[in-house]
There are 2 protein chains.
Amino acid sequence: MADLTYPLKGFNNINRYKHQATYDVETIHSIVNSSPVLHVSFVPDPSAPFPIVLPMIGQMGLYAGDESQDISDWHCYLHGYVSSRLMNLTHDAVKRGEEGLPLCVAATKVDGFVLTLTPNSHNYNYRSAVLQGFGTIVEDKDEKIWAMELITNSVVPDRYENTRVPPDGAEMQSTRILKLKITGASGKIREGVPEDERKDMKREDVLETVWTGVIPVYEKLGVPQPGPYNRIKKIPDHVREFVDQENKMREKYALDAAHKPAPAKRMKKSDDN
Amino acid sequence: MADLTYPLKGFNNINRYKHQATYDVETIHSIVNSSPVLHVSFVPDPSAPFPIVLPMIGQMGLYAGDESQDISDWHCYLHGYVSSRLMNLTHDAVKRGEEGLPLCVAATKVDGFVLTLTPNSHNYNYRSAVLQGFGTIVEDKDEKIWAMELITNSVVPDRYENTRVPPDGAEMQSTRILKLKITGASGKIREGVPEDERKDMKREDVLETVWTGVIPVYEKLGVPQPGPYNRIKKIPDHVREFVDQENKMREKYALDAAHKPAPAKRMKKSDDN
């Protein structure tokens, strides 16, 4: 498969630190998919005092019933509290002939604290992605069950089939899934060792007194804690293996990121527009 | 100090799972202050296709120059890429006689994956907070330096005074700090063991086959990695102690949360409005 990128549409262009920007579809999907929480923003109505941000769980996917040429057609399926207001806003938008409710979805992972000679050069190692698009409520029963499985297994792989399924009628009714059709997306990644300004790199007094380096940061999964009504003595493989593998992978990513070469600063000036 | 709460103003009311809602000022501040990334949402202009979400670093604080009665008057100081567009939007709002640019700031921390008998009862242990208010750019030089110190030390305590300070003229000019005056705020906390529906708790076949429990989740700080131009042999106390203490505290929080009693379900039905 060729390297696919999301098209630049103005509203999704990154104008600052362009060398850290990415529009690569696979990279953006991986940031979204590995974020346990996505922040979903929408405007309740033009007269509302503030936009709204809701934390939701989400995953990229393509339903078999949808036609598609490539992975840039994948949707973002979102699960969380879909309020009556959010339902109504979405229905109203569709009724007006629009594609859905305009949403902006953000995913950010912190991979390290980058400690430099001066406060201003301090930074994070991080990966962030933003999706813009139109949200609709999934009404099709088969697609809804498929999305519930997709999202459950995004938290712990194979979890869905290791629980009491399929969902019954009441569960189907009480669950709402938002489906985001993506019209624009972008990502930003910073990884690497500290970087300082040339003026400070010449200061012997500063270099001799200030520790510089990276504190790696990653989400650690602790030892699974059986609940009060659990009867299964041994932690099942799908839980234990997930915890072990994820912890190794996450720690390695943060540590590797702390040792990569610093992002070039060459574009910094021309960048800031 | 009495328990202070943010007032209910309609736009910040939580209508779902009310027993998990909080308007407590100290609780909300602590969620914001312990989140390494905040998601800041604003509407670029009424004709824009989508709201915008930016990841930023932020911290609650009260500048000595501001008058105040209590901590509910504290501001949220935000640091990150403040684009020319964001600058202009803020200036325009102030010029129109408004208090600033309407912003919604969200902070979410995941404390555990709660694995239950059915996919629908799966949950996270988490803490989330949302602030609504008006953002302005900090222009006062003293307040700006104070805010830079506040934000730097929010990443690693005492880091500011252990670097080359104060910022010089160029650094002062290139740094922009957003100050959010809070008009409404709310928080939501879920902690505790798994909870399932009564119908599944009666199913012997399900109880005998599905493992239930909590995977604790917390942000782990790895061993600090010296950078390529670091000359300080020993990791300084302000870094080492921070890493050690934070790791102990974070692990303990996630583990404790995994063992607390489950949130009452009694309000679930009446909640959903």
Side-chain angles (χ1 to χ4, degrees), chain A residues 11 16 36-37 39 41 43 46 49-53 55 81 102 104 106 108 110 113 117-120 122 128 130 132 148 152 155 160 163-164 167 171 175 193-194 200 206-208 210-222 224-228 230-232 236 243 254-255 258, chain B residues 11 16 36-37 39 41 43 46 49-53 55 81 102 104 106 108 110 113 117-120 122 128 130 132 148 152 155 160 163-164 167 171 175 193-194 200 206-208 210-222 224-228 230-232 236 243 254-255 258:
Chain A
F11 61 80
R16 165 98 165 179
V37 171
H39 285 88
S41 175
V43 180
F50 305 105
I52 287 178
V53 182
Y81 175 45
C104 181
T108 309
V110 176
F113 300 149
L117 298 173
T118 73
N120 287 62
H122 274 61
S128 71
V130 171
Q132 294 102 347
M148 285 160 76
T152 304
V155 180
Y160 188 85
T163 60
R164 196 274 291 147
E171 287 164 352
T175 306
V193 296
D200 291 297
V206 175
L207 286 164
E208 288 294 342
V210 180
W211 185 88
T212 52
V214 177
I215 303 176
V217 178
Y218 56 98
E219 256 177 348
K220 169 98 180 175
L221 305 179
Q225 306 290 315
N230 173 63
R231 298 186 189 172
I232 317 298
V243 168
L255 199 60
Chain B
F11 61 81
R16 167 98 164 177
V37 171
H39 286 87
S41 176
V43 180
F50 305 105
I52 288 178
V53 182
Y81 175 46
C104 181
T108 309
V110 177
F113 300 149
L117 298 173
T118 73
N120 287 63
H122 275 61
S128 71
V130 171
Q132 294 102 347
M148 286 160 76
T152 304
V155 180
Y160 188 84
T163 59
R164 196 275 290 147
E171 288 163 352
T175 306
V193 297
D200 291 298
V206 175
L207 285 164
E208 289 294 340
V210 181
W211 185 87
T212 51
V214 177
I215 304 176
V217 177
Y218 57 98
E219 256 177 346
K220 170 99 180 173
L221 305 179
Q225 307 290 313
N230 173 63
R231 297 186 189 171
I232 317 297
V243 169
L255 198 61

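No experiment lies behind these values; they were computed from the predicted model shown.
Looking at B:Val243, the atoms closer than 4.5 Å to chain A (heavy atoms on both sides) all sit in the side chain, from C-beta outward. Using a 4.5 Å cut-off between heavy atoms, B:Tyr218 contacts chain A through both its backbone and its side chain. For B:Val53, the parts lying under 4.5 angstrom from a heavy atom of chain A are both the backbone and the side chain. In this structure, chain B has a heavy atom under 4.5 Å from the side chain of A:Thr152, while its backbone stays farther away. Of the two parts of B:Ser41, the backbone and the side chain both hold a non-hydrogen atom closer than 4.5 Å to a non-hydrogen atom of chain A. A:Val130 touches chain B through its side chain: at least one heavy atom from C-beta onward sits under 4.5 Å away, while N, CA, C and O do not. Only the side chain of B:Ala258 has a heavy atom closer than 4.5 Å to any heavy atom of chain A.
Closest non-hydrogen pair, A:Thr163 versus B:Val210, comes out as CA-CG2, 3.9 Å. When all heavy atoms of A:Phe50 and B:Gln132 are compared, the pair lying nearest together is CD1-CB, 3.6 Å.
One distance of note links NE2 of A:His122 with CZ of A:Phe113; it measures 11.0 Å at 0.5 Å rounding. In this structure, B:Gln225 CD and A:Ile215 CD1 are separated by 10.5 Å, a value rounded to the nearest 0.5 Å. Between the CD atom in B:Glu219 and the CD atom in A:Glu219 there is a gap of 6.0 Å [rounded to 0.5 Å]. Atom-to-atom distance recorded for B:Thr118:OG1 and A:Arg164:CZ is 5.5 Å, nearest 0.5 angstrom.
Interface remark: of the candidates B:Ser128, B:Pro224, B:Pro228, B:Pro167, B:Pro224 forms the most heavy-atom pairs closer than 4.5 Å to chain A. Options B:Gly213, B:Pro51, B:Ala106, B:Pro55 differ in how many heavy-atom pairs under 4.5 Å they form with chain A, and the most are formed by B:Pro51. Between chain A and the options B:Val206, B:Val110, B:Leu255, B:Thr108, the largest number of non-hydrogen pairs under 4.5 Å is found for B:Thr108. Counting heavy-atom pairs closer than 4.5 Å to chain B, the top-ranked of the candidates A:Val37, A:Val217, A:Asn120 is A:Asn120. In terms of heavy-atom pairs under 4.5 angstrom with chain A, the leader among B:Pro226, B:Gly227, B:Pro36, B:Pro216 is B:Pro216. In terms of heavy-atom pairs under 4.5 Å with chain B, the best-connected choice from A:Val155, A:Val193, A:Val43 is A:Val155. Contact count against chain A (heavy-atom pairs under 4.5 Å) is highest for B:Gly222 among B:Gly222, B:Pro236, B:Pro49, B:Ala254.
Among A:Leu117, A:Asp200, A:Thr212, the one residue that satisfies the side chain to side chain contact (heavy atoms under 4.5 Å, CB included) test with A:Leu207 is A:Leu117.
When the side-chain hydrogen bond (donor to acceptor under 3.5 Å, both in side chains) test is applied to A:Asn230, no partner is found at least two apart in sequence or on another chain. Under the side-chain contact (heavy atoms from CB on, under 4.5 Å) criterion, A:Ile52 pairs with A:Phe42, A:Pro44, A:Leu54, A:Arg85, sequence neighbours left out.
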